[in-house]
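This structure is a prediction, so every number in the text was calculated from the model and none was measured. Protein chains get the first letters and strands the later ones, always in sequence-line order, with residue 1 at the start of each.
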There are 2 protein chains.
Amino acid sequence: MVLGAVRRAGQPSRTEIASVTGLSNSTISAISADLIAEGILAETKSEIASLKRGRPQVAIALNAKAATVVSVVLSLDHLSAATIGYSGEVIVQEDRRLHTLSMSEEELLAECVDIIRKVVARSPHAGPVLRTGLAVQGVTDSAARRLLWSPITPHQNIAFADRIEEVFAVPVSVENDCNMIAEALRWRDPERYRNDFIAILLSHGIGMGVMLKGKVFTGTHSSGGEFGHMIHRPGGALCRCGRHGCVEAYAGNYAIWRNAHGHDENERPVDGIGDEDIRAIAERARTTEGPERAAFRTAGEAIGYGLGNLFALIDAAPIALVGVGASAFDLMERSVRQAIAKTVGGLHSEAISFDTEGNEMQLTRQGSTMQALAFIDNEVFAPQTRDSEVVQSSRIA
Amino acid sequence: MVLGAVRRAGQPSRTEIASVTGLSNSTISAISADLIAEGILAETKSEIASLKRGRPQVAIALNAKAATVVSVVLSLDHLSAATIGYSGEVIVQEDRRLHTLSMSEEELLAECVDIIRKVVARSPHAGPVLRTGLAVQGVTDSAARRLLWSPITPHQNIAFADRIEEVFAVPVSVENDCNMIAEALRWRDPERYRNDFIAILLSHGIGMGVMLKGKVFTGTHSSGGEFGHMIHRPGGALCRCGRHGCVEAYAGNYAIWRNAHGHDENERPVDGIGDEDIRAIAERARTTEGPERAAFRTAGEAIGYGLGNLFALIDAAPIALVGVGASAFDLMERSVRQAIAKTVGGLHSEAISFDTEGNEMQLTRQGSTMQALAFIDNEVFAPQTRDSEVVQSSRIA
DNA sequence: ACACTTTTTTCGAGGCTCGAAAAAAAGAGC
DNA sequence: GCTCTTTTTTTCGAGCCTCGAAAAAAGTGT
């Protein structure tokens with residue numbers, strides 16, 4: 001709790017921590033003394049001229065060398081890893097291009113292990129590595145140990161956590177990229193993205209991260225939130241997943257490309273439609289009425305109905321759009337809102353806010369990092385005696 | 001925690017409580033002594049012959065007169081209320097027929113107040129009323145204070161909790177009926193319905209209660225889970241809510257009736273299709289191929305696609321079917337499963353279990369009762385110092 | 001009656017939190 | 001430079017909750 005407060009506030013005084021956490025000054029004093037003795041926190045000379053009378057506040061900060069986390073982001077043809085100090089600063093980062101679709105499971109694992117080894121080796125003065133967070137495009141299990149399915153590789157059910165832990169003996173979590181984006185948004189802009197919001201990644205596929213009541217929402221077994229594969233039109237357009245009528249089959253990169261080029265909606269999805277292709281189509285759509293503009297309208301409609309169905313279950317919430325599709329949202333907003341208006345969400349169709357947020361890679365990494373750091377805060381440095389579980393089961397509600 | 005354990009176990013000994021809760025014997029001894037002194041628990045002469053050597057166990061039970069809850073269930077043209085003792089036994093029950101659709105908001109409120117007054121008056125020897133639970137068909141707010149929208153009345157946003165609290169000075173909660181059904185199922189059959197399952201009410205409208213990770217799932221602002229108004233076919237059949245293509249517009253009583261009679265799917269929904277009508281149509285569907293059988297197929301398809309979309313978000317989970325439609329599930333199962341197979345849920349399409357559970361009214365009441373009793377356990381008799389909220393906000397995850 | 005078994009209570013200790021009081025570390029005023 | 005004031009931080013004792021160990025209680029078996 002104290003660690004969380006310090007992480008959030010940066011360099012708070014003990015008094016500030018007390019007011020944020022609601023604990024008394026004496027308690028904070030005792031706890032921070034312990035944590036400083038353990039080398040987790042440190043007093044710093046605050047640069048803030050006090051300007052006030054009275055004993056000056058002593059700023060407290062996280063000790064950057066108390067721990068290190070490794071954050072790995074794996075997406076289509078791209079692998080990226082970084083070491084991050086306990087106070088959240090990036091120490092070393094490394095990026096690689098690879099061809100994920102053609103790699104074997106073992107090659108993929110080896111590549112991950114190798115890049116982790118590299119960035120750790122290049123961080124000789126960092127604290128001990130206590131956690132590795134792997135964010136992947138695709139469906140992970142809810143225990144965050146496996147990649148169940150992913151569009152970036154033909155292999156399924158890859159036990160990333162187990163395999164990497166075998167090598168490094170550091171706890172590993174495997175998380176869905178969009179869930180990490182949601183974490184990052186909450187961290188970056190808690191004003192706008194507080195307890196309930198939805199992050200949607202519009203790219204080759206369509207991903208979603210849902211924050212509900214301040215927690216990332218996951219399914220019962222998997223990371224859940226497979227927004228892109230909700231069925232928009234039963235028996236409709238052919239999706240990359242082999243089914244018909246998924247939202248993605250209307251709003252994914254390949255679907256927009258397919259529609260913009262006037263191809264049949266049951267034509268096999270084309271791989272490798274890049275961001276540039278979509279931007280080019282968007283440019284043409286902005287200048288002239290034609291199949292390009294219609295393609296974005298169709299995409300917007302699918303997204304709108306999908307959101308409407310989502311809102312039927314969880315109520316309307318602010319939306320953050322990420323990815324190349326977000327940059328073309330001006331072409332879709334109208335049809336998105338029109339579609340939502342035809343659903344339960346339509347009650348507040350005007351009030352729903354859409355914001356486009358920047359670089360999805362950065363967001364993914366930041367979310368993964370913050371989650372890993374929070375894990376160290378809550379489970380390593382301040383392990384909870386988990387009786388809350390028992391409370392749960394004995395409660396009815 | 002102790003109260004929950006006793007409620008669940010019935011007449012446990014102190015040792016049993018200790019093993020269930022995970023607390024030590026000494027702690028249980030101290031807590032139960034306090035609770036007995038307060039008159040909340042009581043030692044009872046257990047009828048169980050000990051049969052074993054050693055000091056015999058002393059059974060502990062909830063003191064039935066420690067408190068009373070009033071459980072009110074409001075559904076289409078029907079109002080029912082009961083007083084229930086602290087140990088869960090029904091003291092007095094009263095049912096009324098009324099015509100909810102034509103009543104004014106004030107009449108509805110007055111009727112509720114009156115029936116509560118009656119059942120309480122007829123329970124002179126009961127303990128103090130400490131909680132009233134109102135379960136209603138329709139959308140309630142997530143704070144459980146208002147009925148936002150309901151198919152049983154044209155009025156919206158009725159502040160049941162405030163208005164009834166004004167009269168009786170007893171805390172009131174207003175909950176969605178299907179959420180209460182889910183609570184009841186978990187209570188009745190924790191083997192089958194443990195942490196993750198879905199209760200679906202197939203009746204005039206279609207309701208859903210979702211249990212996720214052991215908690216009833218609600219939306220950000222409302223009770224959520226408006227399964228019946230997820231859009232199955234954009235621009236499709238006319239729904240009672242005025243929109244087109246809702247699941248309900250294919251699978252609600254009126255939709256089945258409409259299709260079975262060969263009417264146009266855009267024909268205005270007919271009120272008052274009763275359970276008998278549906279049963280009659282089901283009977284005919286079972287004997288001969290024809291529009292009746294097709295109607296159930298269509299209904300099953302809508303439900304299946306709806307479930308598939310739900311599973312895309314939360315993963316597959318066991319399903320409990322309630323209401324008249326459940327009795328005709330044999331006519332729908334095939335098309336339900338076929339539809340699910342065409343969605344993300346299709347991965348485990350065969351493994352998904354469907355069970356039909358009995359009387360929805362009874363389930364609703366029981367869920368409402370258990371929730372009210374749990375409220376008394378956790379908030380009145382053992383109020384928590386709610387710092388978990390602070391923990392939440394200072395955590396990242 | 002006595003030994004044995006199992007449940008329940010008692011007792012002292014440890015951990016965490018708090019409020020009140022004391023101590024520390026400045027600025028303000030003379 | 002000294003004292004007063006203000007604010008932060010620490011110290012101290014108390015209260016609450018939980019636990020383990022030991023003791024007490026209440027039966028059964030012989």
Side-chain angles (χ1 to χ4, degrees), chain A residues 1-6 9 11-38 40-61 378 381-391 394, chain B residues 1-6 9 11-38 40-61 378 381-391 394:
Chain A
M1 204 161 148
V2 172
L3 293 177
V6 176
Q11 295 205 332
S13 70
R14 291 173 172 81
T15 317
E16 281 174 62
I17 301 173
S19 75
V20 169
T21 59
L23 297 175
S24 72
N25 281 345
S26 19
T27 307
I28 298 302
S29 189
I31 293 176
S32 50
D34 287 353
L35 292 173
I36 289 171
E38 291 180 68
I40 298 170
L41 295 181
E43 294 191 350
T44 61
K45 305 128 249 347
S46 78
E47 292 79 35
I48 309 123
S50 50
L51 290 169
K52 289 187 301 183
R53 310 218 326 185
R55 178 172 173 172
Q57 303 188 346
V58 185
I60 291 183
N378 296 318
F381 288 159
Q384 316 273 347
T385 45
R386 268 273 155 264
D387 50 337
S388 68
E389 211 177 325
V390 181
V391 176
S394 69
Chain B
M1 205 160 148
V2 172
L3 294 176
V6 177
Q11 295 204 332
S13 70
R14 289 175 174 79
T15 317
E16 283 174 60
I17 301 174
S19 75
V20 169
T21 58
L23 297 175
S24 72
N25 281 344
S26 21
T27 307
I28 298 301
S29 189
I31 293 177
S32 51
D34 286 353
L35 292 173
I36 289 171
E38 291 180 67
I40 298 170
L41 295 181
E43 294 190 351
T44 61
K45 304 127 249 348
S46 80
E47 293 79 35
I48 310 123
S50 48
L51 289 170
K52 288 187 301 183
R53 308 210 345 178
R55 178 171 173 172
Q57 304 190 342
V58 186
I60 291 185
N378 296 317
F381 288 160
Q384 317 271 349
T385 44
R386 270 270 156 264
D387 50 337
S388 67
E389 211 178 325
V390 183
V391 177
S394 69

Q: Could you give the CG-to-P distance, from Asn25(B) to dA21(D), as a whole number of Å?
A: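 After rounding, the gap between these two atoms is 12 Å.
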Q: Round to a whole Å and report the spacing from CD1 of Ile36(B) to P of dT8(C).
A: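 To the nearest whole Å, that distance equals 10 Å.
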Q: So, does Thr15(B) get its side chain near the phosphate of dT8(C), meaning an N or O under 4.0 Å from OP1 or OP2?
A: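 Indeed, a polar side-chain atom of Thr15(B) lies that close.
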Q: How close or far is atom P of dC19(D) from atom CE of Met1(B), stated in whole angstroms?
A: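 Computing the Met1(B):CE to dC19(D):P distance gives 8 Å.
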Q: Would you classify Ile28(A) as touching base, sugar-phosphate or nothing, given that sugar-phosphate means primed atoms plus P, OP1 and OP2, and contacts are heavy atoms under 4.0 Å?
A: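 Since no nucleic acid heavy atom lies under 4.0 Å of Ile28(A), the category is nothing.
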Q: Drop me the distance from Leu23(B)'s CG to Ile17(B)'s CD1, to the nearest 0.5 angstrom.
A: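 It is 10.0 Å, given to the nearest 0.5 Å.
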Q: Can you check the Asp34(A) CG to dT10(D) C1' distance for me, whole Å?
A: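 To the nearest whole Å, that distance equals 13 Å.
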Q: Is any side-chain heavy atom of Val58(B) less than 4.5 Å from a side-chain heavy atom of Arg14(B)?
A: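 With C-beta onward as the side chain, the pair touches.
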Q: Could you check if a side-chain atom of Asn378(A) sits within less than 4.5 angstrom of a side-chain atom of Leu3(A), using non-hydrogen atoms only?
A: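 Asn378(A) vs Leu3(A): side chains apart.
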Q: Can you find a side chain N or O atom of Thr27(A) that sits less than 4.0 Å from OP1 or OP2 on dC18(C)?
A: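 Yes, Thr27(A) has a side-chain N/O under 4.0 Å of OP1/OP2 on dC18(C).
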Q: To the side chain of Arg55(A), which of dC19(D), dT8(D), dG19(C) is closest?
A: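 For the Arg55(A) side chain, the nearest candidate turns out to be dT8(D).
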Q: To the nearest angstrom, how far is Glu16(A) atom CD from dT8(D) atom P?
A: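 From Glu16(A) CD to dT8(D) P: 9 Å.
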Q: Just the rounded figure in Å: distance from C1' of dT18(D) to CG of Leu23(B).
A: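 Roughly 8 Å, once rounded to whole Å.
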Q: Below 4.0 angstrom from OP1 or OP2 of dT9(C), is there any side-chain N or O of Arg14(B)?
A: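 True: Arg14(B) side-chain N/O within range (under 4.0 Å) of dT9(C) OP1/OP2.
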Q: Nearest to the side chain of Arg53(B), which nucleotide is it out of dT17(C), dC19(D), dC4(C)?
A: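 The closest nucleotide is dC4(C).
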Q: Can you identify which nucleotide, out of dT9(D), dT18(D), dT7(C), has its nearest atom closest to the Ser29(A) side chain?
A: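 Out of dT9(D), dT18(D), dT7(C), the nucleotide with an atom closest to Ser29(A)'s side chain is dT9(D).
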Q: How long is the span from the CG atom in Leu41(B) to the CD1 atom in Ile31(B), to the nearest 0.5 Å?
A: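 These two atoms lie 10.5 Å from each other.
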Q: Heavy atoms from C-beta onward define the side chain here; which of dT9(C), dT8(C), dG19(C) lies closest to that of Ser26(A)?
A: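 In terms of side-chain proximity for Ser26(A), the closest of dT9(C), dT8(C), dG19(C) is dG19(C).
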Q: Taking atom P of dA25(C) as reference, at what distance in whole Å does atom CD of Glu43(A) sit?
A: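 Atom CD in Glu43(A) sits about 11 Å away from atom P in dA25(C).
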Q: With a 4.0 Å limit, can you tell me whether Ser24(B) has a side-chain N or O closer than that to the phosphate oxygens OP1/OP2 of dC19(D)?
A: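 Answer yes for this pair, as a side-chain N or O of Ser24(B) is under 4.0 Å from OP1 or OP2.
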Q: Side chains of Ile60(A) and Ser32(A): closer than 4.5 Å at any heavy-atom pair?
A: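 Contact flag for Ile60(A)/Ser32(A) side chains = yes.
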